[in-house]
Amino acid sequence: MPRMHDANPVDAFVGARLRQRRMQKGLPLSALSCRTGVSSARLLRFEDGQERIPPDIMIKFCSVLEIAPAYFFEWSPNGETGRRRPVEIARVPSCRFRRRL
């Protein structure tokens, strides 16, 4: 029997946002599936965070759900979603490589 793995927190968050928007638009799972060409089973895996949404499919969702891709990544520390100030992205020190000739 295959072992169930916990969903990646980012995939779970993005999937929850997908489900939230689908419900806001009043679209049944089957309607979003039909309009995007993604099977209902796979759509459920996306919404549950069990599978990462590939960029090409995310763009299809954005088109049908009338949202920008940034919608999937709006986040707040208290778990609320919706309009809020942008999240500050952590800065990573740049690496400088010297090219040897």
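All values below come from the heavy atoms of this structure, side chains included, with hydrogens, waters and symmetry mates left out.
Contact between Pro69 and Ile59 at its shortest, heavy atoms only, is CG-CD1, 4.1 Å. Thr36 and Lys60 make their closest contact through O-CD, 3.4 Å (heavy atoms, listed as atom of the first residue, atom of the second, distance). Pro28 approaches Arg22 most closely through the heavy-atom pair C-NH1, 3.6 Å. Pairing each heavy atom of Phe72 with each of Phe61, the nearest pair is CZ-CB, 4.2 Å.
With values rounded to the nearest 0.5 angstrom, Gln20 atom CD is found 13.5 Å from Lys25 atom NZ. Taking CD of Gln50 as the start and CZ of Arg45 as the end, the distance is 8.0 Å to the nearest 0.5 Å. Summarising the geometry, atom CD1 belonging to Ile57 is positioned 4.0 Å from atom CZ belonging to Phe46; distances are rounded to the nearest 0.5 Å. Taken from CG in Leu43 to CD in Glu51, the straight-line distance is 10.5 Å, to the nearest 0.5 Å. Atoms SG and CG, on Cys34 and Leu29 in that order, are 11.5 Å from each other to the nearest 0.5 Å. To the nearest 0.5 Å, atom CZ of residue Arg17 and atom CD of residue Gln24 are 7.5 Å apart.
At a cut-off of 3.5 Å, with distance as the only test, no side-chain donor of Glu66 or Tyr71 sits close to an acceptor on the other residue.
Residue Arg19 places its CZ atom among more than 12 non-hydrogen atoms of other residues, nucleotides or ligands, all under 6.0 Å distant.
For the pair Ile53/Asp11, no side-chain contact is recorded, criterion being any heavy-atom separation below 4.5 Å from C-beta on.
Ser33 contributes a side-chain N or O that, together with a main-chain N or O of Val38, makes up a donor-acceptor pair within less than 3.5 Å.
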Inset, instruction - I would like to know whether Arg21 and Leu27 meet side chain to side chain contact (heavy atoms under 4.5 Å, CB included); could you show each step before the answer? - result: CA-CA 9 Å; Arg21 183 60 179 176; Leu27 283 175; over 6 Å; no
